[in-house]
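What follows is a set of notes on a single structure, which appears directly below.
The sequence lines fix the lettering, A, B, ..., with proteins before strands; numbering per chain opens at 1.
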Amino acid sequence: MRVTPLAVPLTAVGYGFATVAVLADVDPETRYPVAVTVMTALFLFAAGAVSRRGAAYAGGLCWLAPIWIAGGPSWARSAAMVAVPFLLPAAAHLTLRRPPIAAYTITALLAVGRTLVYDPFYDPDCWRLCDNILPAFPNQAAAEWLSTSWAAFAVVFGVAATTRAIQDHRRMTPVARRVRGLPLPPGAVATATFACYGTALLLGPAERPDNPLYLAIFFAQAAALCCLAAAVIWTTVAGWLRRAAVGRLADDLGSASLQAALGRVTGDPSLTVAYWLPSYGRYVDSRGAEVPAEPEQGQAVTSIVREGQPVALIAHDPGSRELTERIGPAARLAIDNERLRAEVLAQIADLRASRTRVVAAGDDARRRLERDLHDGAQQRLLAVAFELRLAGDPAVDTVLQALGELRELAHGIFPVILEETGIEGALWSLADRAPFPVEISELPGVRFPPAVERAVYLIADHLAKAATGPLNLRVEAREDVLTLEATGAVPRLPGHLGDRAGALSGRVTATADHIRVEIPLAGATM
Amino acid sequence: MRVVVADDSLLTRAGVAYLLKQSGYTVAAEVDDAGTLLAAVRAEEPDLVVVDIRMPPTHTDEGLVAAERIRADHPRVGVLVLSQYVEPAYAMRLLRDHPERVGYLLKERVFDQAILVDALRRLADGETVIDPTIVSRLLGRQRAKDPLAALTAREREVLALLAEGLSNKAIAARLTITERTVEAHVAQIFGKLGLLDDPSSHRRVLAVLAFIRSGG
């Protein structure tokens, strides 16, 4: 943990002032506000220490400044008069990412200018910093004018900073809000209380510590600043932890995919990792499936490039950019591993797709052949049979027999009944034709993807026709897997039928009197 | 009797029309697809429709779908579906929703004038017609435990004719026995097979087909 060296002495000084404030002989009525002020200051110090933001030190110092009046030297009280007005730009700085330089400049001009002309001796309303060793050109009118200007500036800038903070928060994606959105709400409240304070100074009664209006503004401001400091600390520490997790990513990966691990450590569930496969010229996910190179709407992309070649694309929420940029070096090995695996899986997927296309092409050819037989040869034989019957020729019986044989041949090539009624009708039809008894103990009455139905039918068809004795068939669809089970005189399953199941990511397990074919239903379209 | 003939094959259409005219039927319309068939049935209000199971555009089961539509919309019109498929599943699908006045015959069978005329007459009488090839395919199936073993030879004959859709009277005429004897046989068969359907209803054909398809 790297902490700006200044933080330690400054924090020590802060504690010193706090102790003085509590032990000193101050008015009991102001002791409580004093304690809150000290706590706020300490928080801002701590925030400055962890976030290394100068604004936090400035804020802390500003809030400590009024305490010095309890017993501090004249020069310190005079310096505080300059420092106190800087608290508003400091709070805005902690809330908004870009430092409000203009606000610092305006504050500096107003605060220093007022200190140069302000002489408390001439101010009837002075109650706090009634001591100034710096007035070079005492001028009560100018001092009042500068005080009023500062109050007006506090109203304008307070309202502007509050509006900005609210807008920023609303525009953030959920991930960005988690990563760095926490300080925004307390920051908005804090800058809003400054606007209220300025308004009160401009329009309300003269500032007195016992005035309930100023007391309420003070407490609201103290609470908001405490929350702001806590939020800044939290955001900073959480950021460290996340960055450390990204750095350790390769060690923590275990069996989880890089994408899941990255999503976890960056807190961005929308994060996706795509790997570039140069031999295929496309991006794939870790399972080898092709993914588009363009990110989805509202996503940012971090590209990991090595030696001028793209390696991976990480699409993520714009809020997690800072983290994803550290991924490259941290997960080099994991990325290489997953990319190799994705490449192998992509090759397997290509092979499977080509096997599926081969099977589909074969099926189409069989379907066409059946149709040609039905519409061609069978029709012609029918015509001949019709003519012969009209003529009373006894040869009609031979033709009818040929027609019957042709019909069975066409059925064997491609069973139309399968396409029309699904597995149920087709398997019963199979049992009607089988040479040995085929019992069907369970059949789903619903339809499945055509490729699955064809595979199940053709395997069952082979089993029924090649069986050497009675057979029992069972088809069952459960949890997206269609299972065909055959028991009895089960024949061996030829390779091309196993391929059919394989083309659908299915599995065949066989023993001497039992065969089981499982085909997943998800993704089977053909 | 007025008949509409629907088949995309000119040969079957013309052949069936020719046989019908020869037998004294009036061919009200000859159409070649299911859409035109439905329009012709609405326009001509025929007594009977002879329709091919496989017609344009998809060449799958247009004929069956059209038959179901006609039976639902025009209950008085009998429908004879012609097919080249010996598939009990098709015949049973035809019977499922409207078990009367429907028939399923193989194409080559209707080229026998006597069979065509007999089938159309039975449809007009409100009976059902199932191709004997389908029934014998079902009855001839190899079975491990044959529930039909309990039937006598005569009862098996009666069962086959029941499955073809014949009425008791027609069975009696076919087997040259009295109608009362047929009734007794039918009651015996239903009792032995444990069939619960009313033996006299139109649904008995479907019940018998379903039993002999899967009851073994």
Side-chain angles (χ1 to χ4, degrees), chain A residues 367 370-371 373-390 392 396-397 399-404 406-408 410-411 415-441 443 464 467 469-472 488, chain B residues 7-16 18-19 22 52-56 58-65 82-93 106-116 133-146 209-210 212-216:
Chain A
R367 177 90 177 79
E370 189 276 339
R371 203 168 267 182
L373 274 182
H374 181 276
D375 297 343
Q378 280 176 282
Q379 294 294 334
R380 225 150 276 154
L381 272 182
L382 268 177
V384 174
F386 182 64
E387 296 286 337
L388 289 177
R389 200 185 283 283
L390 280 185
V396 68
D397 292 333
V399 175
L400 287 180
Q401 200 181 342
L403 200 55
L406 197 55
R407 177 159 45 226
E408 288 307 302
H411 179 94
V416 174
I417 191 80
L418 176 67
E419 212 166 61
E420 315 254 317
T421 65
I423 291 176
E424 191 192 19
L427 255 56
W428 279 120
S429 164
L430 207 113
D432 291 341
R433 293 169 157 84
F436 285 100
V438 172
E439 276 184 72
I440 298 177
S441 46
L443 268 188
L471 206 61
N472 183 297
Chain B
D7 196 325
D8 61 318
S9 144
L10 175 66
L11 160 82
T12 319
R13 201 167 68 229
V16 168
Y18 172 79
L19 291 177
Q22 289 276 304
D52 184 12
I53 194 171
R54 189 160 153 170
M55 282 191 298
T58 65
H59 292 279
T60 53
D61 61 349
E62 280 82 1
L64 272 187
V65 175
L82 300 186
S83 165
Q84 297 200 46
Y85 306 115
V86 185
E87 297 290 3
Y90 280 139
M92 291 169 73
R93 177 172 153 197
L106 291 179
K107 268 192 179 178
E108 66 257 33
R109 201 174 296 278
V110 297
F111 287 163
D112 188 327
Q113 191 171 3
I115 291 176
L116 176 64
T133 317
I134 286 181
V135 174
S136 64
R137 164 77 45 90
L138 284 175
L139 285 173
R141 181 146 81 82
Q142 297 292 324
R143 292 159 207 264
K145 290 192 300 285
D146 191 355
L209 285 175
I212 58 178
R213 182 172 84 150
S214 55

Note, Tyr90(B) side chain near Val416(A) side chain (heavy atom, < 4.5 Å):
yes
Given side chains that start at C-beta, do those of Leu19(B) and Leu390(A) come closer than 4.5 Å, heavy atoms only?
yes
Just give me the residue among Pro435(A), Gly404(A), Ala434(A) that pairs up with chain B most often, heavy atom to heavy atom, under 4.5 Å.
Pro435(A)
Residue selection (most heavy-atom pairs with chain B, distance under 4.5 Å) from Pro415(A), Ser429(A), Ala385(A), Pro470(A)
Ser429(A)
Of all heavy-atom pairs between [X] and [Y], which one has the smallest distance, and what is that distance?
| X | Y | answer |
| --- | --- | --- |
| Phe436(A) | Gln142(B) | C-CB, 3.6 Å |
| Ala89(B) | Ile417(A) | CB-CD1, 3.7 Å |
| Val438(A) | Arg141(B) | O-NH1, 3.3 Å |

Reported [atom1]-to-[atom2] distance for the pair [X] and [Y], which is rounded to 0.5 angstrom:
| X | Y | atom1 | atom2 | value |
| --- | --- | --- | --- | --- |
| Glu108(B) | Leu400(A) | CD | CG | 5.5 Å |
| Thr12(B) | Gln379(A) | OG1 | CD | 5.0 Å |
| His374(A) | His59(B) | NE2 | NE2 | 10.0 Å |
| Asp432(A) | Ile134(B) | CG | CD1 | 10.0 Å |
| Arg213(B) | Ile440(A) | CZ | CD1 | 8.0 Å |

Identify which part of Thr58(B) has an atom lying under 4.5 Å from any heavy atom of chain A, answering side chain, backbone, both or neither.
backbone
As an exercise: rank Leu64(B), Asp112(B), Thr133(B) by heavy-atom pairs under 4.5 Å with chain A and give me the winner.
Asp112(B)
In terms of side-chain geometry, is the basic nitrogen of Glu408(A) or Arg137(B) positioned less than 4.0 Å from the acidic oxygen of its partner?
yes
Pick one: which of Gln378(A), Arg407(A), His411(A) meets side-chain hydrogen bond (donor to acceptor under 3.5 Å, both in side chains) with Gln84(B)?
Gln378(A)
Check each atom of Asp375(A) against the heavy atoms of chain B and say whether the ones under 4.5 Å are side chain, backbone, both or neither.
side chain
